[in-house]
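A, B, ... follow the sequence lines: proteins, then strands. Residue 1 opens every chain. A quick note: this is a predicted structure, and the numbers were derived from the prediction, not measured.
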There are 2 protein chains.
Amino acid sequence: MANDEAQTRIQRLNRARILDAGLETFSTEGFSGATLDAIARAAGMSKPNVLYYFPSKEAIYDAILQRMLETWLDPLRALDAEGEPVEELLAYVKRKLHLARDYPVESRLFAGEILRGAPNMIDRLSGPLREMVDMHCGVIRAWMEDGRIAQSDPHHLIISIWALTQHYADFEVQVRAVLGKKRDPWAEAEAHLEMHFRRVLSE
Amino acid sequence: MANDEAQTRIQRLNRARILDAGLETFSTEGFSGATLDAIARAAGMSKPNVLYYFPSKEAIYDAILQRMLETWLDPLRALDAEGEPVEELLAYVKRKLHLARDYPVESRLFAGEILRGAPNMIDRLSGPLREMVDMHCGVIRAWMEDGRIAQSDPHHLIISIWALTQHYADFEVQVRAVLGKKRDPWAEAEAHLEMHFRRVLSE
DNA sequence: GCATTATTTGACCGCCTGGTAAACTGGACG
DNA sequence: CGTCCAGTTTACCAGGCGGTCAAATAATGC
């Protein structure tokens, strides 16, 4: 038998196709609403073939969450302690907003999982994610103590960035409904958030 | 036959019990994940009895959404144009935050419906809700033109209030995971948001 | 009391679901 | 050619789903 690591070209391809199809399906239908048939159809293969690559529906879901957290959150790791604080944080907001804009599907899947109480993700939240946030908070707190940005709770500052950027992706229908059809939510959001956080951060 | 309006005491009671049970079930399981059996069990009656009061699962869901929007959003209608602008808006933030804190189930159901693209709510979003928001924006815009609060886009200001307050309810698991077990998200959120918006609104 | 109507339920149906078994395909290697 | 095996599919199953029906039970009006 092949060992764990060995994967043929076709295996990698089909696994990826299933994960892509599942991402789309789970994010729009929810975990219960998504059916294996729908995922298989979206992946362009038969249902048993899907189950040839993954042991169960939940295994697909878990694999999607894992892949997402590994790749999706990557641009958020950097927060340069040596940079100019305000510009550094505004760049962070911008990166996060673009992440939400360019990967709304991932954003919604993430939101859906958390809405349900994060049954398949809670350990990653209080593990890796929390460490990342705590690291950021260390940098931010230092900036605050040096008087380079306004004082506030670093954790809640991060939370507010996440809340505002995610909102434009997750609640896009509501945002569009409230703004009307002729406006461009994402462009406006970028301008508004820059000004918004400039005020929040300025001493 | 009884006309449309006539409802016996027991009808009102049981309809309400079903809506309460459905609210709980739908918000934690999602529309597809919630089963009529689960709703019936939560309401303390048999499944056919539930379907005696509502023609279908979706009818229950719609009725819940309607009741929710009518009662849940009520405290947000008021925005006194005669009051002191900053305090008026901070009071609005506080009301919205307490709404999220005291009715997290409603908040999550609302969020879940919007995540899915608001298939059963889109008309209410672009109708009544939008009118309410536009009204608020009128008051806010007047305040800005009088130079009583800082200039920004009123719609996005409202959106930012909604985003930040909803986030603490809808993403409560994540907030708790990031903050750690010993902290009190809601108390901290209230303090942080007051300071946050004071800065955003101050000239 | 009785008749009538409103409410409740157990039994049931057809459909769809996640998942399985076994057979089939096509290329690699001898 | 035949063997082998990763990859794929057809046929299928047991259980759960939303929903129906007819019969039983409680209220209600007289």
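- Considering only residues two or more places apart in sequence or on other chains, A:Pro85 meets the side-chain contact (heavy atoms from CB on, under 4.5 Å) condition with A:Trp143, A:Arg148, A:Ile149.
- We find that CZ of A:Phe54 is positioned 13 Å from P of C:dG19, with the value rounded to whole Å.
- Distances were taken from every side-chain heavy atom of B:Ile10 (C-beta onward) to each of C:dT7, C:dT9, D:dA11; the shortest belongs to C:dT7.
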Under 3.5 Å, sequence neighbours excluded: what are the donor-acceptor pairs made by side chains of residues 65-73 of chain A?
unit_1: A:Gln66; atom_1: NE2; unit_2: A:Glu70; atom_2: OE2; d: 3.4
unit_1: A:Arg67; atom_1: NH1; unit_2: A:Asp20; atom_2: OD1; d: 3.3
unit_1: A:Arg67; atom_1: NH2; unit_2: A:Asp20; atom_2: OD1; d: 3.1
unit_1: A:Thr71; atom_1: OG1; unit_2: A:Arg67; atom_2: O; d: 3.1

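- Not counting sequence neighbours, the partners of B:Arg116 by the salt bridge (charged side-chain N to carboxylate O under 4.0 Å, His left out) test are B:Glu113.
- Rounded to whole Å, atom C1' of C:dG19 lies 18 Å from atom OH of A:Tyr53.
- Every residue meeting the side-chain contact (heavy atoms from CB on, under 4.5 Å) condition with A:Pro55, not counting sequence neighbours, appears here in chain and number order: A:Ala59.
- Within the structure, ring pair (Phe, Tyr, Trp, His ring centres under 6.0 Å) pairs that include any residue of residues 7-27 of chain B comprise B:Phe26-B:Phe31, B:Phe26-B:Tyr61 (at least two apart or interchain).
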What string of B, S and - do you get for nucleotides 23-30 of chain C, 5' to 3', if B is base contact, S is sugar-phosphate-only contact and - is no contact with any protein heavy atom under 4.0 Å? --------

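- Residues satisfying the ring-ring contact (aromatic ring centres under 6.0 Å, His included) criterion with A:His155, sequence neighbours excluded, are absent altogether.
- Across the protein-nucleic acid pair, A:Arg12 atom CZ and D:dG7 atom C1' stand 16 Å apart, rounded to whole Å.
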Protein-nucleotides 14-18 of chain D N/O pairs closer than 3.5 Å?
unit_1: D:dG18; atom_1: OP1; unit_2: B:Ala34; atom_2: O; d: 3.3
unit_1: D:dG18; atom_1: OP1; unit_2: B:Lys57; atom_2: NZ; d: 3.0
unit_1: D:dG18; atom_1: OP2; unit_2: B:Leu36; atom_2: N; d: 2.9
unit_1: D:dG18; atom_1: N7; unit_2: B:Lys47; atom_2: NZ; d: 3.1

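- For residues 116-141 of chain B, the ring pair (Phe, Tyr, Trp, His ring centres under 6.0 Å) pairs, not counting sequence neighbours, are B:Tyr92-B:His136.
- Residues from residues 20-28 of chain A that place a heavy atom under 4.0 Å from any atom of DNA chain D: there are none.
- Here A:Gln11 does not reach the OP1 or OP2 of D:dA6: none of its side-chain N or O atoms lies under 4.0 Å away.
- Every residue was checked against the side-chain contact (heavy atoms from CB on, under 4.5 Å) condition with A:Ala16, not counting sequence neighbours, and none meets it.
- Between B:Tyr52 atom OH and D:dC21 atom C1' there is a gap of 15 Å when expressed in whole angstrom units.
- Atom-to-atom, CZ of B:Arg9 to P of D:dT28 comes out at 6 Å; the value is rounded to the nearest Å.
- Judged by distance alone, with hydrogens and angles left aside, the side-chain atoms of A:Lys96 form no donor-acceptor pair with the main-chain N or O of A:Leu164 at under 3.5 Å.
- Contact annotation: A:Asn14 side-chain N/O to D:dT8 OP1/OP2 distance is under 4.0 Å.
- A side-chain donor from one of B:His156 and A:Glu188 sits under 3.5 Å from a side-chain acceptor of the other.
- A straight line from CG of A:Asn49 to C1' of C:dA21 spans 15 Å, rounded to a whole angstrom.
- Put simply, CD on A:Glu29 is 11 Å from P on C:dT17, counting in whole angstrom units.
- Listed by chain and residue number, A:His192, A:Met195, A:Arg199, B:Met144, B:Leu157 satisfy the side-chain contact (heavy atoms from CB on, under 4.5 Å) test with B:Ser152 (two or more places apart in sequence, or in another chain).
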